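A short worksheet on the structure shown next.
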2 protein chains.
Amino acid sequence: MLMSLTLSLQAEDGRARAATLHTAHGDVPTPTFMPVGTAATVKAMMMDSVRATGAGIVLGNTYHLMLRPGADRVAALGGLHRFMDWPGPILTDSGGFQVMSLSSLRKLDKDGVTFQSHIDGSRHRLTPESSIGIQHKLDATITMAFDECTKFPATHEEAASSMELSMRWAARCRDAFVPRDGYGLFGIVQGSVYNDLRTQSVTALGDDFHGYAVGGLAVGEGQEAMFATLDHTLPLLPRGKPRYLMGVGTPDDILGAVMRGVDMFDCVMPTRAGRTARAYTSQGVMNMRNARYADDGRPIDPACDCPACTRHSRAYLHHLFRAGEMLGPMLLTWHNLNYYQSLMRGLRSAIMEGRLEQHAVTLRAAWAAGDREKQDG
Amino acid sequence: MLMSLTLSLQAEDGRARAATLHTAHGDVPTPTFMPVGTAATVKAMMMDSVRATGAGIVLGNTYHLMLRPGADRVAALGGLHRFMDWPGPILTDSGGFQVMSLSSLRKLDKDGVTFQSHIDGSRHRLTPESSIGIQHKLDATITMAFDECTKFPATHEEAASSMELSMRWAARCRDAFVPRDGYGLFGIVQGSVYNDLRTQSVTALGDDFHGYAVGGLAVGEGQEAMFATLDHTLPLLPRGKPRYLMGVGTPDDILGAVMRGVDMFDCVMPTRAGRTARAYTSQGVMNMRNARYADDGRPIDPACDCPACTRHSRAYLHHLFRAGEMLGPMLLTWHNLNYYQSLMRGLRSAIMEGRLEQHAVTLRAAWAAGDREKQDG
């Protein structure tokens with residue numbers, strides 16, 4: 001009897017949940033933030049450093065990995081865990097989102113999508129079955145159903161049609177997925193910002209997936225609409241299974257989504273910001289290129305225990321970015337991921353101790369009081 | 001009574017020496033290779049990782065640091081050691097070499113050189129006194145005399161005139177240097193490939209410097225001419241003081257120079273090669289971009305204990321460089337520095353045990369037998 005990955009709920013505080021995700025590659029305390037390891041590397045980070053931030057699970061991108069180095073090659077080299085030196089759990093997306101945003105000459109039909117690689121122009125095809133097969137070859141701990149990420153804005157009719165296609169594909173993904181102990185397949189709820197479509201999507205997915213993602217958000221609808229969609233959708237999902245909000249987000253987005261019952265997140269923000277000199281801190285966002293930091297001997301964030309903050313000054317980070325030195329992105333990516341992981345640990349503790357509302361007030365006050373983003377420009 | 005840095009000789013094997021350099025910032029076993037930290041960072045490396053390779057002393061570039069972030073700023077922030085998180089010894093060059101190779105509109109006169117910054121076109125001037133002053137502000141453990149690196153090729157007359165200028169400047173550097181416990185000032189022997197000029201230069205420098213560099217080599221004269229110049233020059237230098245061959249070199253260059261009595265080296269080769277996919281190994285040089293490594297599950301160098309070799313495959317490194325991922329340069333720079341440091345440790349052990357000749361035969365045979373550079377293209 002094969003047992004898929006499971007979730008043990010440990011505490012609830014309002015609609016927020018603290019739990020542990022049990023997988024073939026280890027346990028992950030939730031709520032959790034998954035650093036994005038697009039091409040089998042979390043950009044500018046050693047995997048040891050990713051571990052040091054406290055990350056429990058990372059994300060890989062099927063679209064990038066199928067094109068380079070290729071799923072068969074990764075499989076022959078022992079799978080993605082070994083290839084990238086991450087023995088812990090890995091979630092891979094289905095490739096659908098990147099096909100639509102990165103590839104050229106893409107053509108959608110009822111069975112899948114044909115496209116040209118953005119790297120070398122070679123032709124490829126993804127279907128529900130091939131996406132699941134590729135994720136299997138990569139040895140993803142969590143496989144995501146192949147779907148169409150509904151564009152935004154979309155009319156009700158467009159959103160309905162797109163969601164219905166994704167639901168037909170989701171059923172095919174479920175049939176194609178090969179169960180393995182401690183592995184799992186997540187379905188993705190679509191329906192744009194239309195509550196009736198979200199309800200239909202949850203119903204269509206049914207109870208058989210090992211976890212549920214809310215897709216089609218963080219695509220321009222704004223935080224209020226995103227939260228409203230979560231308010232409607234999350235209570236419809238099975239309480240005992242993990243819930244993943246794809247591609248989200250800022251610390252404030254994550255806080256609001258955790259308070260609404262989301263368990264898992266991924267986003268390029270902390271890593272991308274780390275390469276462009278933007279620091280997420282307990283006091284808001286800072287731009288390290290700003291001249292105000294040239295002589296500032298203080299750490300980026302005195303509350304942070306990452307190497308950038310415990311060993312270096314704002315002035316040093318400023319210098320590294322001005323000089324175009326690789327160590328700037330290396331240190332600041334580490335800092336940002338460390339901040340995100342410490343944010344998640346803080347949220348989890350607050351949920352366990354039943355003080356999430358109060359914790360949220362404290363977090364927001366510090367972000368607002370110290371927010372340097374507008375000052376820094 | 002102020003005591004400058006000192007050298008304790010521990011063993012001699014032929015002309016090669018194993019010693020310990022005692023400085024205000026710690027002891028360094030020699031022969032030693034100094035990773036280059038041009039702009040207050042060893043490119044693509046955390047300083048913890050530099051430490052992990054076994055490096056005992058690093059180099060900073062006065063030209064780069066005076067222009068950005070500026071010597072006064074570094075001093076106000078606590079000095080270069082604190083700024084870059086390297087409490088160990090730091091050697092700074094004098095700025096003379098980079099002024100000639102990087103700046104524009106430079107004008108040499110008998111007192112120094114006036115030049116425009118390659119960064120922003122601002123005007124600056126370096127003299128023997130100002131170079132020593134800047135290195136003092138940076139808090140360099142070892143200060144290098146400000147000199148003119150003689151161009152190559154140079155006629156005997158050009159080389160003589162250039163060397164004589166450098167010797168006048170060296171005397172001014174000695175007068176300008178402020179002695180501090182465990183700090184030191186190194187003189188630089190010039191004279192191009194002319195033995196009579198090298199002899200004159202050694203005589204002109206005298207015995208008062210705390211160490212002696214051989215400058216003006218590795219500028220295109222070739223290994224044979226370089227070794228011939230070392231054969232002539234090194235026996236003229238005081239036996240009890242450290243000897244530094246500037247800007248050298250390949251593993252084979254270093255081996256030959258150690259056998260001739262050099263104690264200290266610096267070179268951008270291992271770090272620059274790490275950013276351009278070239279790996280130095282016990283089996284010669286490999287180009288990780290070569291297609292032959294795309295499916296190669298073996299470590300870069302099975303004899304190496306760095307993270308690139310103990311945790312990843314050649315195929316992974318190949319993938320990272322093909323994908324333009326920052327982790328490629330990060331891992332390969334670490335590997336190359338680790339290889340250089342293990343080379344130095346091996347040379348030191350061989351000297352201590354009186355088997356350097358035999359060790360050299362073994363090293364060269366492995367490099368030659370395994371050299372993949374020509375195969376890799």
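This is a predicted model, so every value here is computed, not measured. Numbered from 1 within each chain, the chains take letters A, B, ... in sequence-line order.
To the nearest 0.5 angstrom, M84(A) atom CE is 12.5 Å from S313(B) atom OG.
Scanning all heavy atoms of the two residues, the minimum distance from D295(A) to L77(B) falls at O-CD2, 4.0 Å. In terms of heavy atoms, A44(A) sits closest to M330(B) at O-CE, 3.3 Å.
Annotation: R106(A), atom CZ; neighbour count of heavy atoms from other residues, nucleotides and ligands within 6.0 Å is above 12. Residue F97(A) qualifies as open at atom CZ: its count of foreign heavy atoms under 6.0 Å is 12 or below. More than 12 heavy atoms of other residues, nucleotides or ligands shown are found within 6.0 angstrom of CZ on R311(A).
Residues satisfying the ring pair (Phe, Tyr, Trp, His ring centres under 6.0 Å) test with H25(B), not counting sequence neighbours, are H81(B), Y183(B). For Y339(A), there are no ring pair (Phe, Tyr, Trp, His ring centres under 6.0 Å) partners two or more places apart in sequence or in a different chain.
The part of R82(B) that comes within reach of chain A is its backbone (N, CA, C, O), which places non-hydrogen atoms under 4.5 angstrom from that chain. There is no contact between A76(B) and chain A, counting heavy-atom distances below 4.5 Å. Proximity to chain A is limited to the side chain of L331(B), based on heavy atoms less than 4.5 angstrom apart. At a 4.5 Å heavy-atom cutoff, the contact between L320(A) and chain B is made by side-chain atoms alone. When heavy atoms are compared at a cutoff of 4.5 Å, M45(A) approaches chain B solely by way of its backbone atoms N, CA, C and O.
Residues F83(B) and H319(A) place their aromatic rings such that the two centres sit under 6.0 Å apart.
Within the 4.5 Å cutoff, the side chain of M326(A) has no heavy atoms near those of the K43(B) side chain.
Counting only distance, with no hydrogens or angles, the side chain of Y316(B) and the backbone of A40(A) share a donor-acceptor pair below 3.5 Å.
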